[in-house]
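Some notes on the structure that comes next.
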Amino acid sequence: MGDALIGAIDQGTSSSRFLVFAAKNAELITFHQIPIHKKTPKEDWVEFDPEELLHTVVECMEKTMYHLQEMGYDPANVKSVGISNQRETTIVWDKYTGKPLYNAIVWCDNRTVSTVDALLAKVPGKDINCLKGYCGLPVAPYFSAVKLSWLLQNVPEVRKAVDEERCLFGTVDTWLLWNLTGGRNGGLHLTDVTNASRTALMNIETLEWDPYLLRFFGVPKSILPEIRSSSEIYGYITLSHRLKGVPISSMLGDQQAALLGQMCVKRGQAKCTYGTGCFLLCNSGNKPIFSDKGLITTIGYQLGKTKRPVYAIEGSVAVAGSSIRWLEKNMGIIKSEHEIESLAASVADSGGVYFVPAFSGLYAPHWRTDARGTICGLTHYSTSAHIARATLEAVCYQTRDVLLAINSDFGQEPTSLQVDGGMAANNLLLQIQADILGIPVVRPAMCETSALGAAMAAGLAEGINVWQLDLENSASLVTETFQPSILEEDRARRYNKWHEAIKRSLGWVPSIDTPVSKPGQ
């Protein structure tokens, strides 16, 4: 028979992947990855072809299983599959044809600024936090409900499909599950609590679609998926040849999956994922914390139908790895993303250059849709290397903004920060991060924590029960630590300059007049 294996779909903003882990020790056995193509038809618009997302996932599944068999493993040992997915990205499709009614509107898309303005026009004081008590989220272009509202108002085909009761809505997890379990021939229209908590339509305490939120955004309940826990057998794969009949037994938004993959299962434990964006989540236990420092309240995970949900507070930064791609694709400063570390390391510091990469506004803790990308402090001395280093520093300053806000909400300071994601392979980035935070930064030896978290939840599901690692014991994790190496005086001076740069990025486009706040104040 051999030891049990668990598969994990990891559908992200830059690629689709399928990975296979050993259930007894979390070892990554093999994987396959395919990049996906972003569409930007207009300024501030970001889209994907939903069918490309699906097809790349299925191809990754097939090729990974082929590799697995070539390595001598029995494919029958894959006992279940979990899903980790990019969050908030919004898809609508025809339940009879299975075809998308529009391209997927991606989480970082910013076309809905005017939709947000129109929604807030009916709110006293135009308070972006008016719904926090219901869903834990501000009214912002980031979340699915606003994107769905835009689709209903601006795409006649979507409105028509709703009126004819043939429209289905889902985030990426729902779209994949529906197709993998049969599509128009009985596919399951489900989501989990972590993804539902990113729509701004689920009540953060009842874990159900909230009638008030549905009315606020003008969304009919009939198009929404059923909400389930993050770890249970939802159904069985029909679309993949090599995995046909294997149960799908977990779904989590990628950042929540990484929280689990980093074994942040105790209240106060936090992780930061550096990917296309940057996402810092802190486990807040079995009761939600409602931040007054610009953070959002979300579901961390719910490991079973009868289990209590675990909440988290989160600071989301829109631009991290995508700023490096901008240096490569738009500016030609580097020829590939891998060059950023050596170029930035060729200078001792940024030479007084500060880069605020607010390409689609600022997310947590500022929530300013009127901000735009700004580079400050350029002189005749400045070079491409200084801009490269300022780009890495921008990721780290934004992380400190969020961490200070989390500290304020929790009333305690962390002694270290656990990190993961594609950018976490950059040693210089993590050293700069330790310097800017003033605490050690800890990187696991295996950084694929989103996929690992999905595999954990899938292997722990009732009816699967093959995951053997103790979630409470993270002592066996192999890690590398980066220690702070600058003086507090230097750290404070540089961080104050960063906030001067933030001020200069504001007010570039018409928007709601909201104040900028410095975290922790």
Side-chain angles (χ1 to χ4, degrees), residues 82 84 87 129 131-138 173 190-210 213 226-232 249-273 279-293 295-316 364 402-403 405-415 417-418 449-450 452-454 456-462 465 467 469-474:
S84 165
R87 307 170 302 169
N129 294 316
L131 302 179
K132 269 201 169 184
Y134 292 90
C135 62
L137 311 175
D173 58 311
L190 308 174
T191 189
D192 92 296
V193 289
T194 67
N195 281 293
S197 73
R198 314 300 297 194
T199 63
L201 296 172
M202 186 189 80
N203 187 292
I204 198 68
E205 298 193 68
T206 68
L207 310 186
E208 297 176 351
W209 302 123
D210 189 284
L213 296 172
E226 179 184 343
I227 302 172
R228 296 281 190 90
S229 79
S230 310
S231 178
E232 60 180 89
S249 57
S250 78
M251 292 190 291
L252 301 98
D254 53 6
Q255 303 311 318
Q256 285 93 333
L259 187 73
L260 190 59
Q262 285 268 34
M263 295 190 180
C264 296
V265 296
K266 296 178 182 177
R267 189 180 187 275
Q269 290 182 320
K271 69 88 202 175
C272 187
T273 298
F279 305 92
L280 205 161
L281 275 74
C282 182
N283 184 322
S284 59
N286 294 123
K287 293 184 179 179
I289 290 178
F290 295 96
S291 171
D292 60 359
K293 301 298 181 184
L295 303 178
I296 62 177
T297 304
T298 193
I299 302 293
Y301 51 84
Q302 184 188 20
L303 296 180
K305 293 185 250 187
T306 61
K307 299 292 180 66
R308 295 175 68 188
V310 171
Y311 290 87
I313 52 174
E314 174 178 340
S316 307
V402 171
L403 191 61
I406 289 177
N407 295 351
S408 179
D409 284 325
F410 263 86
Q412 63 184 57
E413 296 185 7
T415 56
L417 179 67
Q418 295 171 239
T449 53
S450 293
L452 178 59
M456 287 179 175
L460 288 165
E462 183 179 354
N465 301 117
W467 198 264
L469 289 186
D470 180 7
L471 294 186
E472 297 288 333
N473 180 19
S474 60

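In what follows, every heavy atom counts, from backbone to side chain, and hydrogens, waters and symmetry copies are set aside. Given the structure is predicted, the values throughout are model-derived calculations rather than measurements.
Put simply, the side chain of Lys132 does not reach to within 4.5 Å of the side chain of Thr297, judged on heavy atoms. Using a 4.5 Å heavy-atom cutoff, the side chains of Val310 and Leu259 are not in contact. The side-chain heavy atoms of Ile296 and Arg198, taken from C-beta on, include a pair separated by under 4.5 Å. Side-chain contact between Arg87 and Phe279: present, with at least one pair of heavy atoms (C-beta onward) separated by less than 4.5 Å. Between Leu303 and Leu260 there is a side-chain heavy-atom pair separated by less than 4.5 Å. With a 4.5 Å cut-off on side-chain heavy atoms, Gln256 and Ser197 count as touching. When side chains are defined from C-beta on, Leu131 does not count as touching Leu137, because their heavy atoms never get closer than 4.5 Å. Side chains of Ile204 and Phe290 form a contact here, defined as non-hydrogen atoms less than 4.5 Å apart.
The minimum heavy-atom distance linking Val402 with Ala364 is given by the pair CG2-O, 3.8 Å. Here the closest heavy-atom approach between residue Ala257 and residue Ser450 is recorded as CB-O, 3.2 Å.
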With side-chain contact (heavy atoms from CB on, under 4.5 Å) as the test, would you mind laying out the steps for Ile299 and Leu207 before giving the verdict? CA-CA 9 Å; Ile299 302 293; Leu207 310 186; 3.6 Å; yes

Start with the C-alpha gap between Asn407 and Lys293, add the side-chain angles, then the distance that decides, and say whether side-chain contact (heavy atoms from CB on, under 4.5 Å) holds. CA-CA 10 Å; Asn407 295 351; Lys293 301 298 181 184; over 6 Å; no

Before you tell me yes or no, could you show the steps for Thr273 and Gln255 under side-chain hydrogen bond (donor to acceptor under 3.5 Å, both in side chains), namely the whole-Å CA-CA distance, both residues' side-chain angles and the distance that decides it to 0.1 Å? CA-CA 7 Å; Thr273 298; Gln255 303 311 318; 3.2 Å; yes

Just do the side-chain contact (heavy atoms from CB on, under 4.5 Å) check on Asp254 and Ser84 with the steps written out, would you? CA-CA 5 Å; Asp254 53 6; Ser84 165; 3.4 Å; yes

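Atoms CD and SG, on Glu314 and Cys282 in that order, are 11.5 Å from each other to the nearest 0.5 Å. Rounding to the nearest 0.5 angstrom, the gap separating the CG atom in Asn195 from the CD1 atom in Ile227 is 10.5 Å. If you take CD on Gln418 and SG on Cys264, they are separated by 4.0 Å, rounding to the nearest 0.5 Å. The distance from the CE atom of Met263 to the CG atom of Leu452 is 7.0 Å, given to the nearest 0.5 Å. Note: Leu201 CG to Cys135 SG = 8.0 Å, rounded to the nearest 0.5 Å. Here CG of Asp409 is found 4.5 Å from CD1 of Ile313. Values are rounded to the nearest 0.5 Å.
Under the 3.5 Å distance criterion, the side-chain polar atoms of Thr194 are matched with a main-chain donor or acceptor of Gly253. When atom types are taken as modelled, the side chain of Ser231 and the backbone of Ala457 share a donor-acceptor pair closer than 3.5 angstrom. Side-chain N or O atoms of Glu232 include none that pairs as donor or acceptor with a backbone N or O of Glu462 at under 3.5 Å.
In this structure Glu205 satisfies the salt bridge (charged side-chain N to carboxylate O under 4.0 Å, His left out) test with no other residue, sequence neighbours excluded. Among residues two or more places apart in sequence or in another chain, the ring pair (Phe, Tyr, Trp, His ring centres under 6.0 Å) test is passed with Phe410 by none. Residues satisfying the ring pair (Phe, Tyr, Trp, His ring centres under 6.0 Å) test with Tyr311, not counting sequence neighbours, are none.
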